[in-house]
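Just below is one structure, and these are the notes that go with it.
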There are 2 protein chains.
Amino acid sequence: MPTTTRERLIVAAFDLFASQGYDATTVDQIAAHAGVGRTTFFRNFASKEDVLFPHHDDVLREVDARLATATPTTRSSALREGARIVLDHYLDEGDAARRRYRLTSTVPAVREREMAAVHRYQRLFARHLAGWLAEEEDGPLRAELTAAAIITAHNHVLRNWLRDDRADLIEEFEHAIGIALEMLGASPPTRTTVVVTGGGDVETILRDVREALTRAP
Amino acid sequence: MPTTTRERLIVAAFDLFASQGYDATTVDQIAAHAGVGRTTFFRNFASKEDVLFPHHDDVLREVDARLATATPTTRSSALREGARIVLDHYLDEGDAARRRYRLTSTVPAVREREMAAVHRYQRLFARHLAGWLAEEEDGPLRAELTAAAIITAHNHVLRNWLRDDRADLIEEFEHAIGIALEMLGASPPTRTTVVVTGGGDVETILRDVREALTRAP
DNA sequence: CGCTAGTACGGTACTAAGTACCGTAGCGAA
DNA sequence: TTCGCTACGGTACTTAGTACCGTACTAGCG
């Protein structure tokens, strides 16, 4: 098993945090448990909290790249999918995400770090949005509001999932993002062609459309 | 001048941070500059960062009290005035707020602390809003979105002011809060109408519908 | 007046995070 | 082999934060 030193440190840290608690675990213990020296820990992670958020930089780059591909007509879905990248990453982490959540709920220092991470995502979205809305009235403000809405909706769904595993997570996510974007302003009319009358979110509408289309000629 | 020890510590800390920078200033220096022992510092402030945010607890209580007085017909103004309480507090601080801002802009540890403080306000707003929207569909999510919008609008105006003093601050604030609430207040469309002309099989149409719906909020 | 209880303070000693620096083992390329 | 690079371990240090103890001051009460 050629696991890298960095990964061994992450595993060791999560194990010790889970068994002893965060505050009661020292960096020396983490390093020892991973079979390396203390210096090596700080070479891989800038602080004790950082070992809990080892992938945010990668995910940030991913989201940044996705948002950068947006065109004026695809911005809405770029925002959706940008947020989905973050959500999916948490899902991929699986149990680790849940163990970390338990820490963020109880340890102030970890919670602050988590908030800092969230803030970076929000600023990333806001930066792209600011570019998109540069011409509009109150562009910078609207950019920040939209970014805040997306992050808030994302976190809302994520927290629900972290608390108790639920099956319809993706649907919930689409619903929440839909509400966030819908609350934020009317979109220009599109030149689309199909139709549906009826209420509900995207998934509901799609279900209705599918039903109508498959039932009719 | 019967200034209390706590206040002397605050003044000493701000002075030293301004002259030497945050990291280069030790708690010992702050205590010595205030003419007290190191122990006394930690009796008054839980941490070195805390001395920079000495009044948040009071303001939080104030805002809490204001929001608690809201009736179903006055909620909008309660939100406005709740945010105004926070803004006014920063204005009262005057130069101290601006000196702190300089630190939050440059020192990561201070910035994280600031974000934690902001988060407490947002959660306070969200808590009240959640109570107000308890009956509504997606109440908790909408509560968080609204709280996020208010805090974001507030911070947007505040940051502008902290960067460069501007005269029409209050007007800007009302404008920003207005946009935030307006964006959120817009009643969600109860009927969604999408029109598709043209043929194609069911799956093709469904794909078009999905694309249209996800592209335009 | 003397006595007592509470409060604020100073000092000492300790733990642990984070930094700086030095030395060294491995490893691929010239 | 030798050079250069990278990763690692060890030591020593600074500083935030905690725990604990002793003491001065003050208010209240006999």
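Note that the coordinates shown come from a computational prediction; the quantities given were computed from them, not determined experimentally. Here is the naming used below: chain letters follow the sequence lines, and residue numbers restart at 1 for every chain.
- Using a 4.5 Å heavy-atom threshold, the side chains of A:Glu174 and A:Ile177 count as separate.
- Remark: C1' of C:dA8 and CG of B:Leu9 are 13 Å apart, rounded to the nearest angstrom.
- Computed from coordinates, the B:Asp23 CG to D:dT15 P distance equals 11 Å when rounded to whole Å.
- Under a 4.0 Å N-O distance rule, the pair A:Asp95/A:Arg100 does not qualify as a salt bridge.
- Of the two residues near DNA chain C, A:Ala24 and B:Gly37, the one whose nearest nucleotide lies more 5' is B:Gly37.
- To the nearest angstrom, P of D:dG17 lies 13 Å from OH of A:Tyr22.
- A straight line from CZ of B:Arg38 to C1' of D:dC21 spans 16 Å, rounded to a whole angstrom.
- Rounded to an integer number of Å, the gap from B:Asp28 CG to D:dA16 P is 7 Å.
- Along DNA chain D, the nucleotide closest to A:Gly35 and the one closest to B:Thr26 are compared, and the more 5′ of them pairs with A:Gly35.
- Checked against C:dC21, C:dG11, C:dA17, the side chain of A:Val27 finds its nearest nucleotide in C:dA17.
- The pair B:Arg142-B:Glu137 does not meet the salt-bridge criterion, since no charged nitrogen lies less than 4.0 angstrom from a carboxylate oxygen.
- Closest approach to the B:Val36 side chain among C:dG10, C:dA17, D:dC8 is made by C:dG10 (side chain taken as heavy atoms from C-beta onward).
- In this structure, A:Val36 and A:Phe41 have side chains that are not in contact, with every pair of non-hydrogen atoms separated by 4.5 Å or more.
- Of the residues in residues 40-50 of chain A, A:Thr40, A:Arg43 come within less than 4.0 Å of DNA chain D through at least one heavy atom, sorted by number.
- In this structure, the CG atom of B:Leu16 is 14 Å from the P atom of D:dT15, given to the nearest Å.
- Taking 4.0 Å as the cut-off between side-chain N and carboxylate O, B:Glu93 and B:Arg98 do not count as a salt-bridged pair.
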Distance-only criterion, 3.5 Å: show the donor-acceptor pairs between side-chain atoms of residues 115-124 of chain A and protein atoms not counting sequence neighbours.
unit_1, atom_1, unit_2, atom_2, d
A:Arg120, NH1, A:Asp57, OD1, 3.3
A:Arg120, NH2, A:Asp57, OD1, 2.8
A:Tyr121, OH, A:His56, ND1, 2.6

